[in-house]
Student: 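Sharing a structure here in structure tokens format.
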There are 2 protein chains.
Amino acid sequence: MKTHTESEENYIKALYHLGGDQPVSNGDLAQRIGAKGSSVTQAVKRLGQKDLVDVVPYKGVQLTAEGVRLAKAILRKHRLWETFLVDKLGFGWEEVHPLAEQLEHIQSEELVDRLFQFLGSPKHDPHGDPIPERDGQMPPVLGQPVGAFVTGNEIRIVRVEDAGTEFFDQLDTMNINLGNTYMVQATSAFDASVQLSSTSGSFWLSKDMCANIYAIRL
Amino acid sequence: MKTHTESEENYIKALYHLGGDQPVSNGDLAQRIGAKGSSVTQAVKRLGQKDLVDVVPYKGVQLTAEGVRLAKAILRKHRLWETFLVDKLGFGWEEVHPLAEQLEHIQSEELVDRLFQFLGSPKHDPHGDPIPERDGQMPPVLGQPVGAFVTGNEIRIVRVEDAGTEFFDQLDTMNINLGNTYMVQATSAFDASVQLSSTSGSFWLSKDMCANIYAIRL
DNA sequence: TTTTTATTTTAGGCAAAGCTAAATAATATT
DNA sequence: AATATTATTTAGCTTTGCCTAAAATAAAAA
């Protein structure tokens with residue numbers, strides 16, 4: 001169990017996000033990391049020497065099996081810390097991402113295991129995203145976009161996309177949270193918006209909101 | 001509120017540990033940090049440019065007011081995280097130091113404040129060391145070495161020195177914990193050891209153990 | 001007070017991680 | 001197929017932070 005720099009871990013994370021175990025272009029990686037292409041070329045060269053990625057010059061970079069394993073371990077930490085911050089410390093889901101980006105680099109198997117237990121062995125984080133298991137297995141990705149349901153369906157919100165601060169703010173002002181249940185009242189053929197109702201009334205969700213909110217049918 | 005590198009923070013911490021707001025020699029600092037003198041010379045030069053320390057070449061380095069403020073903020077984080085690890089995650093007090101050394105560098109006022117609240121606004125960490133307040137005030141340093149009490153005193157353990165793994169192991173095997181109360185049964189004029197008794201029996205504590213265990217009289 | 005010893009600083013190197021500018025390869029267009 | 005455009009890599013520079021070896025300074029001993 002070698003130890004890696006924060007920068008290395010960020011590259012691994014970005015590669016996993018962009019392509020999973022598939023090749024990723026230098027440019028896409030550069031954009032995601034927020035660095036220039038030339039810096040990325042160097043960085044992946046270093047990662048290649050540690051056998052975390054396979055590099056084909058001018059073609060692309062691809063995580064090795066070990067790289068994927070590491071990426072999942074980091075993602076596990078990230079999502080566990082997010083869960084801690086929201087469930088235990090009372091942060092809002094829009095605030096936790098940058099904090100988890102720092103905490104995910106803390107090096108300690110034992111800490112992760114204990115945190116996992118402390119949080120009640122969660123399968124999903126506060127956004128509903130699956131938390132990788134210790135062994136790398138992934139719990140199911142839950143739900144379908146709200147737009148996919150039809151009038152009369154009873155649904156429960158189970159996941160939201162990380163679509164930026166404004167999106168989370170909108171969720172907050174509309175009082176929409178994971179676990180909420182609604183009835184699909186109507187769907188607009190004009191602008192693809194959806195009307196939901198609950199005990200506390202009914203409201204319309206825009207197409208863009210629907211696309212980033214996932215639910216299951218009850 | 002500037003942000004500092006981990007290395008910088010470690011120097012600040014070391015300086016505070018070694019001298020508080022008093023000058024510290026290059027050599028002592030080097031030893032504490034675990035780097036060569038030449039590296040330290042450079043490092044403190046950088047810190048000087050950020051007005052965190054005053055440097056007098058060949059003489060010594062001294063934290064500025066701002067440096068002391070930062071040192072206390074880091075110590076606060078360190079001790080809050082140690083408290084979290086022991087109280088919430090069930091780590092043993094001997095395991096938490098290296099973890100807290102990582103966690104203390106996490107950058108977020110809000111996180112520290114929320115953690116503090118979550119832990120019940122503690123004044124002392126699991127070793128009994130005072131946790132600096134938000135504003136830099138220091139709660140009292142508790143207790144006197146066990147060797148300072150006399151036969152007949154009833155005492156409560158309130159603090160232990162961070163005297164290394166073997167010391168903590170010894171505490172564990174002897175089942176000595178913060179909060180335990182004892183009666184001083186006898187003190188040896190020969191080897192300065194002390195006999196303590198509780199409901200579960202009595203035992204002798206060596207001079208070296210006594211020197212690292214602090215208690216208050218009840 | 002001079003000399004010896006110990007400490008500290010300078011000088012010069014190395015690796016990580018970023019940058020810009022120039023060169024090269026791959027892709028798209030005519 | 002030849003050329004133009006876009007993407008990627010190379011080359012060379014910067015900062016942080018560590019290193020070793022040599023020079024300079026301060027402290028201790030003679």
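Chain letters run A, B, ... following the sequence lines, proteins first and then strands; every chain starts at 1. Reckoned from all heavy atoms, side chains included, excluding hydrogens, waters and symmetry mates. Just so we're clear, the structure is a prediction, and the values are computed from it rather than from any experiment.
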Student: Please enumerate all residues that pass side chain to side chain donor-acceptor pair (under 3.5 Å) together with S193(B), with sequence neighbours excluded.
Tutor: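 Expected list: D191(B).
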Student: Protein within reach of the bases, or only the backbone? For nucleotides 10-21 of chain D, mark each nucleotide 5' to 3' as B, S or -, using heavy atoms under 4.0 Å.
Tutor: B-----SBBBB-
Student: Could you identify which residues of residues 12-30 of chain A place a heavy atom less than 4.0 Å from some atom of DNA chain D, listed by residue number, or say none?
Tutor: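 DNA chain D contact set from residues 12-30 of chain A: S25(A), N26(A), G27(A).
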Student: Keeping to residues at least two apart or across chains, list the salt bridge (charged side-chain N to carboxylate O under 4.0 Å, His left out) pairs with something in residues 139-148 of chain A.
Tutor: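 Listed once each, the pairs would be none.
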Student: For residues 24-77 of chain A, which residue pairs pass the ring-ring contact (aromatic ring centres under 6.0 Å, His included) check, not counting sequence neighbours?
Tutor: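 Found none.
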Student: Once side chain to side chain donor-acceptor pair (under 3.5 Å) is applied, do any residues pair with R114(A), and if so which ones, sequence neighbours excluded?
Tutor: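 R114(A) satisfies side chain to side chain donor-acceptor pair (under 3.5 Å) with E110(A) once adjacent residues are dropped.
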Student: Tell me, please, which residues at least two apart from H127(A) pass ring-ring contact (aromatic ring centres under 6.0 Å, His included).
Tutor: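 Only F168(A) meet the ring-ring contact (aromatic ring centres under 6.0 Å, His included) criterion with H127(A).
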Student: Quick one: side chain to side chain donor-acceptor pair (under 3.5 Å) partners of Q144(A), sequence neighbours excluded?
Tutor: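 Counting only residues at least two positions away or on another chain, Q144(A) forms no side chain to side chain donor-acceptor pair (under 3.5 Å).
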Student: Would you mind writing out the side-chain donor-acceptor pairs for residues 8-22 of chain B within the sub-3.5 Å range, not counting sequence neighbours?
Tutor:
residue	atom	partner	partner atom	Å
E8(B)	OE1	T5(B)	N	3.1
E8(B)	OE1	K50(B)	NZ	3.2
E8(B)	OE2	K50(B)	NZ	2.8
E9(B)	OE1	H105(B)	ND1	2.7
N10(B)	OD1	H105(B)	NE2	3.2
N10(B)	ND2	E6(B)	O	3.3
K13(B)	NZ	E101(B)	OE2	2.8
K13(B)	NZ	E104(B)	OE2	2.7
H17(B)	NE2	R32(B)	NH1	3.1

